[in-house]
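Counting starts at 1 for both ligands and their atoms, in listed order. Just so it is clear, the model here is predicted, and its values are computed rather than measured.
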Amino acid sequence: MNARAAPPGIGMTSQRTRERMVARLRAGGIADEAVLAAMASVPRHAFVDAALASRAYEDTALPIGFEQTISRPYVVARMLAAARAGRALGRALEVGTGCGYQAAVLARLAAEAFSIERIGALAEKARANLRPLRIANLRLVHGDGFRGLPEAAPFDAIVVAAAPREVPRALLEQLAPGGRLAIPVGDEEQELRVFERSARGFSEHRLDPVRFVPMRVGKG
Ligand code: SAH
């Protein structure tokens, strides 16, 4: 069966399949209904190769080329919920566009969203994946996320989809007051950390152990 051609409501890529993914996320402890609604609305299967489309709503990472992966739905939800903390977001930044899936979800949660990718060919792929969705408030940038995006800062939320060994100072500095950075940190062993900017500096808390591709310096 060609899953992409299946009528809505029946195929492995249907709205109903997406609703089931969201129900699993909710059962798994994701409580941010805005994040869940955004994930119910973005067609994740449109961000992976056709051969993998039928697996797009499983809670698993999938290859997107260039040795990179689209993150597991649970991890996307967890990271966005942690960065949002129940607030309406003005400007938000993603580092590591990859195939563009998380950027599309982020754009549903922020007035203005930006996403940076270091590999030029992946940035192009994301652009092509996103074009049919016509998301007017999302800007993609080919660049090095270690620098952040000073020209668009400050951000109410920054989410990082690749793991550096240490938290890049530029990303902390580009947070607005009350802004939050969700970032996997580490090498072999990584954990998801959340930083919040307050008048007095930054507070930090640590969430789950995670497994992300490494964050690399410079444009590819
Ligand atoms: N958010 C993506 C997941 C992409 S995987 C999704 O929804 O599919 C992480 C991505 O981070 C890879 O594409 C990798 O090339 C990118 N990356 C790694 N280091 C980076 C850096 N310094 N700046 C920008 N992107 C980077």
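Remark: the backbone N or O of G178 is paired with a side-chain donor or acceptor of R87 at under 3.5 angstrom. At distances below 3.5 Å, not a single donor-acceptor pair connects side-chain atoms of R118 with backbone N or O atoms of D144.
Screening residues 198-220 for side chain to side chain donor-acceptor pair (under 3.5 Å) gives R78-D208, E191-R206, R193-E204, E204-R206 as the qualifying pairs, with residues at least two apart or on separate chains.
Annotation: side-chain contact (heavy atoms from CB on, under 4.5 Å) contacts of A113 (sequence neighbours excluded): L106, A107, L138.
Checking Y57 against R18 by side-chain atom types alone, a donor-acceptor pair falls below 3.5 Å.
Closer than 4.0 angstrom to ligand 1 sit non-hydrogen atoms from Q68, T69, I70, S71, E94, V95, G96, T97, G98, C99, Y101, Q102, I116, E117, R118, I119, L122, G143, D144, G145, F146, A161, A162, V213, P214, M215, R216.
Taking a 4.5 Å side-chain heavy-atom cut-off between Ile, Leu, Val, Met, Phe, Trp and Tyr, the cluster of L171 extends to L93, V95, F114, I116, V141, F146, L149, F155, I158, V160, V167, L172, L175, L181, I183, V185, F195, F202, M215, V217.
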